[in-house]
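Single-structure report; data block below.
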Amino acid sequence: MSATRVEIMVGDALVTPLTELLDRHAPAAYVVVEGLSGVNRRGVSSPGLADALVVVVCRSATSKALLDNLKAFLSRYGGVAFATDGFGVNVD
Amino acid sequence: MSATRVEIMVGDALVTPLTELLDRHAPAAYVVVEGLSGVNRRGVSSPGLADALVVVVCRSATSKALLDNLKAFLSRYGGVAFATDGFGVNVD
Amino acid sequence: MSATRVEIMVGDALVTPLTELLDRHAPAAYVVVEGLSGVNRRGVSSPGLADALVVVVCRSATSKALLDNLKAFLSRYGGVAFATDGFGVNVD
Amino acid sequence: MDASLLQAIVDPAILFFFFGLFAGFVRSNLSIPEQIAKFLSLYLLMSIGYKGGVSLSQTGLTAQMALALTAAMILAFVIPAYAFMLLRRRLNPFDAAAIAATYGSVSAVTFITAVAFLERQGVSFGGYMAVALVLMESPAIIMAVLLANVVRSRSVVAGGTADGNVSVGKVLHEAFTDGAHLLLLGSLLIGYITGLPGKAALDPFITSIQKGLLLFFLLEMGLLVARRSRDLKLDGPFLAVFAIAVPIANAVFATALAKAFGLGLGDAFLLTVLAASASYIVVPAVVRYAIPEANASLYFGMSLAVTFPFNILLGIPTYFLVLRQLWG
Amino acid sequence: MDASLLQAIVDPAILFFFFGLFAGFVRSNLSIPEQIAKFLSLYLLMSIGYKGGVSLSQTGLTAQMALALTAAMILAFVIPAYAFMLLRRRLNPFDAAAIAATYGSVSAVTFITAVAFLERQGVSFGGYMAVALVLMESPAIIMAVLLANVVRSRSVVAGGTADGNVSVGKVLHEAFTDGAHLLLLGSLLIGYITGLPGKAALDPFITSIQKGLLLFFLLEMGLLVARRSRDLKLDGPFLAVFAIAVPIANAVFATALAKAFGLGLGDAFLLTVLAASASYIVVPAVVRYAIPEANASLYFGMSLAVTFPFNILLGIPTYFLVLRQLWG
Amino acid sequence: MDASLLQAIVDPAILFFFFGLFAGFVRSNLSIPEQIAKFLSLYLLMSIGYKGGVSLSQTGLTAQMALALTAAMILAFVIPAYAFMLLRRRLNPFDAAAIAATYGSVSAVTFITAVAFLERQGVSFGGYMAVALVLMESPAIIMAVLLANVVRSRSVVAGGTADGNVSVGKVLHEAFTDGAHLLLLGSLLIGYITGLPGKAALDPFITSIQKGLLLFFLLEMGLLVARRSRDLKLDGPFLAVFAIAVPIANAVFATALAKAFGLGLGDAFLLTVLAASASYIVVPAVVRYAIPEANASLYFGMSLAVTFPFNILLGIPTYFLVLRQLWG
Ligand SMILES: Nc1ncnc2c1ncn2[C@@H]1O[C@H](COP(=O)(O)O)[C@@H](O)[C@H]1O
Ligand SMILES: Nc1ncnc2c1ncn2[C@@H]1O[C@H](COP(=O)(O)O)[C@@H](O)[C@H]1O
Ligand SMILES: Nc1ncnc2c1ncn2[C@@H]1O[C@H](COP(=O)(O)O)[C@@H](O)[C@H]1O
Ligand code: NA
Ligand code: NA
Ligand code: NA
């Protein structure tokens, strides 16, 4: 079935507010990978300042509102997101 | 060349049977990220109950059979998958 | 806005030369997940020989040159990449 | 509560559990890295098992041990059976089987905490109680999976599909080869083989620094419990009552059995704690795969967010007070 | 520099920091796994806090302690204020606020290194200096965020949008519940409650093996500093001078205050090191969220890649030489 | 095999290696978290190197040491050369070069196991043998990469492309700055500088708890070997025979050299084990990048899944029995 996947790269410190935002949209699933280096070529892994990758899969219908909110969030706090449409299993 | 990418979010405990399933389809490559939190908003990281993200890249031709098997697997055990088509390097 | 995402699976030992290659293309963002198992069904996690997943997001305009370089790199050293087009936030 | 009990509660490791609860409730971003937490649990299982094996190698097979292990086996079969029958009245059979497995099995960390408590009280106990822990881990899982399989085949007869059926052999294999479980068994055996000389070399690792590593593990558990209890939705009082009352009932049952079998105070206390404890590492990992129809947030949440803190904070000192009275 | 100071510099942990710098500069692929590095920082904070709490429980509240903590509080408010005014002349207000917070706060690892240095010199100090560390951590963050908020509201009045405003309550909450900070506080409290008996059980973990774990942490810091200093672009000499001169000025200020308050040599030295140190764990983590407009590579880079190695390699022995002269 | 040898095999750490093999073969989901395993390998390299450096600082440069290191260097150049010529008859030049590098270099964990074995036997040896380990690590890699480069240029002459050529400077840099290798060197140097006073402070970390950490590392190795040996496809008996026979031949060669040079029993034994061992951490990491044309499952698989367990389980006790006879 039709689904959308949103991948977000942000600073580790932003994971809690970001997942609170995600939870409000009730996506089918997401996972958080913490402790990474790389974002914006400024990313630095340190006990205090690493980056995170969040992968979200949701119904295409709900992706528009999620992306609007993400846009505001990421422009405010920094970070990058990428969305694609595709085929989902168990995404409803 | 034309390739398909399938991303799967499941419970950590399901990684072994899932990769056995994947191996039967001989995809070009996959990687497993374990110890995550998040799937289905039920995901909980604990020594016994974390989630995993599996990223698979395969030839588009083989993706249909893989997705059919994945569908049965994920509906049986829980978890979510997402597939997109795109351009691959060394995927044959 | 229009963006491209490239996902790369390589051996851990190749992460440094790979990110040096990426840096030359100044993508909007990338993250590196190290210590994984799985690539090419040969991947083996060991203190000396694990695999890595690198996720890159860049402007679609710059993706062609990046992919050409990646192709040469991955054919030389081994590893697989996958590119898709989609919608990006803060990717410029 | 007398002074020695109070002092027992101010054990640093237990206080770090409280602190983790607090940090979780105020939504601190404090967290123990995932892989560290996993390693800490492997470390604790290894050191329990190894020390148990070494004591076993010292005492050999004794009558006391035979009695304690028999009592453990009785509990391991009776508890999941009655728990399932109780749960079946309110829940679908899959959730009932999964929760029964959780409460029928045991928690290794609750056991370690109880052992540390006993040591602070200066009460001796048999090293073979680590064997009791191992023996009590699996029967509940196996019974639960068999029950779930029966339910599945019935629904097939009734027109469903047999797709979901997990073969008993496969589940036995899962339960036996589960990492945590196997590590406990393996360490027990290796401790038994290498005995005191082996222990001397390992002691700085498995004894001297254990308290410090346990502290971080309990801190992580406190954080997890806080996070889990925010999410836990038990739909009415039945399951909340179950998660407290069943451990108490199991404790009473185990105490009675221990008395009947004439076990010593230390062994009786540990048997009681084992019976009262519910698994939140081994069983959820196996059941998530073996009974995927069950709701993980119920069986895992009740065990971790209600029963574990109940036992750590109230159960252990209370069981001890009562048993000391009875054995006194 | 006399022999005892030379020997102090050949401390293995400090040499591993040098080695990390070297490995980073020759672009070695040596790295301490991410989660291990994070755990090591939690471990160091826990053991600082815990030992501080234990000493506190031994000495109780003394006049010396009241004086030392008063001096610490003065520094904690004055340093970020003057640093902000200095920075504001050259930088936008967000970067100025973020850097002021970094230098107004303190570095726990610099503190640990200074404590180890004192111990090697055989100079005593009050366990309450760990409390000074805790007290000096937060005020700078809070002041910086308030300043950033003021700037944001002004730009709203001037026609901007209020979107970016972070409520003060939220930031206080962030600063207080930040994992590293809270762990330090919690460990201090638990150390205070459990006192010497608790410490006895934890000693092998928090004292005996501390040097070895610190060694790996400093190795990682050396690697990070090397990597960071390659990327650091300070656009002119102002910030480079700031990152060395301000710590020295803070050290002088702290030393004067310590003299005026009549603190002992050990306490005065630690106060000086705290004032001279800049945060690179707690503050960057909070500021990245609270002042996202600021450039992390500036505040984090200056603190980690310039001020931290300066203090570890030159500052600590120099401050000590000078203070011993003044107190001698 | 006499009693003391039997007891040596029931060392807990070795038994955990067996246990890991077992768990891997029954497909248990037991696993040591990735980053922990990596940290354990860094820890073991650091403590080998550091202790070696400290002994060196005690003994200074002696004739015995000069002899042992000369023997080590001879082995380091001869073994990869003859191994390559042997392999070239059956394999393509890239696989031949990669496997020659693996067997020409050494395994640090096999060395640690041999050191622990010697200590249990009460046989003394020179701390400079850690220097021999370091010296024997790199020549094989460099020779192999040079060979691969020669092959590549020939194929260019024959009409191929030069794309694949890796500059010698780059490879020397890679081999020298590889994290594991550099850490060993750096720790050796720091141990040499800080000597006994530094060691006293680090001892609880690098000596007391080493056995426990080694145990977890060997458990992980057992799991890896089991997993690897399931995948290993050697296409005929040649490589299987190679992976056992070449280590034995190297052991014989090293023993003869040690006898000729008049080394003591302990040093001769360690030299023999080093020669017989094959690298599975440092070399595969460098070769994967430097000779990407080679099949990692061959060079890594043979070294880890065949030669490593052979040396740990049979080689070490056998070499010791033989050498004790010869030196007796
Ligand atoms: N490592 C990082 N993690 C998250 N956000 C970052 C990171 N580095 C920079 N940013 C933010 O990303 C946005 C754009 O960064 P840049 O394009 O590199 O200037 C800014 O708002 C930064 O605050
Ligand atoms: N954390 C998790 N990891 C894997 N599967 C899960 C997880 N949580 C729930 N599931 C499964 O996902 C399916 C749908 O979950 P939900 O939509 O949240 O009810 C169910 O079959 C659950 O067993
Ligand atoms: N685990 C791995 N990580 C990175 N590259 C690999 C891995 N395994 C194999 N390769 C490379 O991937 C390419 C194709 O592998 P294969 O298709 O499996 O033969 C070869 O050039 C190998 O060197
Ligand atoms: Na129980
Ligand atoms: Na400061
Ligand atoms: Na060798």
Side-chain angles (χ1 to χ4, degrees), chain D residues 3-4 6-40 43-44 47 112-113 115-117 119-120 202-220 222-223 226-227, chain E residues 32-47 49-51 53-54 57 170 172-210 212-213 281-282 285-286 288-289:
Chain D
S4 72
L6 235 158
Q7 207 197 330
I9 287 180
V10 303
D11 177 64
I14 304 286
L15 289 180
F16 272 94
F17 179 72
F18 272 106
F19 169 59
L21 282 177
F22 172 77
F25 281 123
V26 301
R27 295 176 178 264
S28 167
N29 63 358
L30 181 61
S31 73
I32 307 299
E34 198 63 48
Q35 301 193 9
I36 301 290
K38 192 176 172 197
F39 180 69
L40 292 176
Y43 165 82
L44 292 172
S47 57
I112 290 181
T113 312
V115 164
F117 184 93
E119 282 168 354
R120 283 196 305 276
L202 281 178
D203 232 30
F205 184 65
I206 63 177
T207 303
S208 310
I209 66 171
Q210 195 197 39
K211 187 70 143 215
L213 293 171
L214 180 61
L215 170 170
F216 272 107
F217 191 79
L218 286 177
L219 171 56
E220 164 73 1
L223 290 164
R227 226 173 295 149
Chain E
I32 308 298
E34 198 62 49
Q35 301 194 9
I36 300 289
K38 192 177 173 195
F39 180 69
L40 291 176
S41 75
L42 296 178
Y43 164 82
L44 292 172
L45 291 166
M46 187 280 279
S47 57
Y50 189 82
K51 288 179 198 168
V54 172
S57 79
K170 216 169 169 181
L172 284 175
H173 182 262
E174 280 299 306
F176 176 72
T177 63
D178 175 76
H181 192 201
L182 196 58
L183 180 59
L184 196 57
L185 276 174
S187 307
L188 191 91
L189 188 68
I190 295 176
Y192 183 78
I193 297 173
T194 55
L196 280 189
K199 181 155 184 290
L202 281 178
D203 233 30
F205 185 65
I206 62 177
T207 302
S208 309
I209 65 171
Q210 195 198 38
L213 293 171
I281 297 184
V282 177
V286 176
R288 196 183 200 178
Y289 171 66

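Below, chains carry the letters A, B, ... as their sequence lines are ordered, and counting in each starts from 1. In this text, all values refer to a predicted model and were calculated from it rather than measured experimentally.
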- Value rounded to 0.5 Å, distance of CZ in D:Phe19 from CG in E:Leu182: 4.0 Å

- Note on the structure: Cut-off 4.5 Å, heavy atoms of chain D, and the answer for E:His181 is neither

- Note on the structure: Rounding to 0.5 Å, atoms CD1 (E:Ile190) and CZ (D:Phe18) come to a distance of 10.0 Å

- What's the shortest heavy-atom distance between E:Thr177 and D:Arg27, and which atoms? OG1-O, 4.3 Å

- Most contact-rich option vs chain E, by heavy-atom pairs under 4.5 angstrom, among D:Ala13, D:Pro33, D:Gly20, is D:Pro33

- Task: May I ask you to test the D:Asp11-E:Thr194 pair for a side-chain heavy-atom distance under 4.5 Å?
- Result: no

- Message: Using every non-hydrogen atom in the two residues, find where D:Pro12 and E:Gly198 come nearest and quote the distance to one decimal.
- Response: CG-CA, 3.9 Å

- Top of D:Leu214, D:Leu213, D:Ile32, D:Leu219 for chain E proximity - count of heavy-atom pairs under 4.5 angstrom: D:Leu213

- Under 6.0 Å from the CZ atom of E:Phe176, do we count more than 12 heavy atoms belonging to anything else shown? no

- Query: Relative to chain D, which of E:Asp178, E:Ile193, E:Leu189 shows the most heavy atom pairs under 4.5 Å?
  - Reply: E:Asp178

- To the nearest 0.5 Å, how far apart are CD1 in D:Ile36 and CD1 in E:Ile36? 4.0 Å

- Query: Does any heavy atom of chain E fall under 4.5 Å from the side chain of D:Leu215, the backbone, both, or neither of them?
  - Reply: side chain

- Atom group of E:Ile209 that falls short of 4.5 Å from chain D, counting heavy atoms: side chain

- Determine the interplanar angle of the E:Tyr50 and D:Phe16 rings, folded into 0 to 90°, and report it as parallel if under 30°, tilted if 30 to 60°, perpendicular if over 60°. tilted

- Item | Among the listed options E:Gly195, E:Ser187, E:Ser47, the residue most often paired with chain D at heavy-atom distances under 4.5 Å | E:Ser187

- Separation between NZ (E:Lys38) and CD (D:Glu34), nearest 0.5 Å, reads 10.5 Å

- Item | Closest non-hydrogen atom pair, D:Gln35 against E:Gln35 | N-OE1, 2.8 Å

- Query: Do the rings of D:Phe216 and E:Phe39 sit parallel, tilted or perpendicular, given the 30° and 60° boundaries?
  - Reply: perpendicular

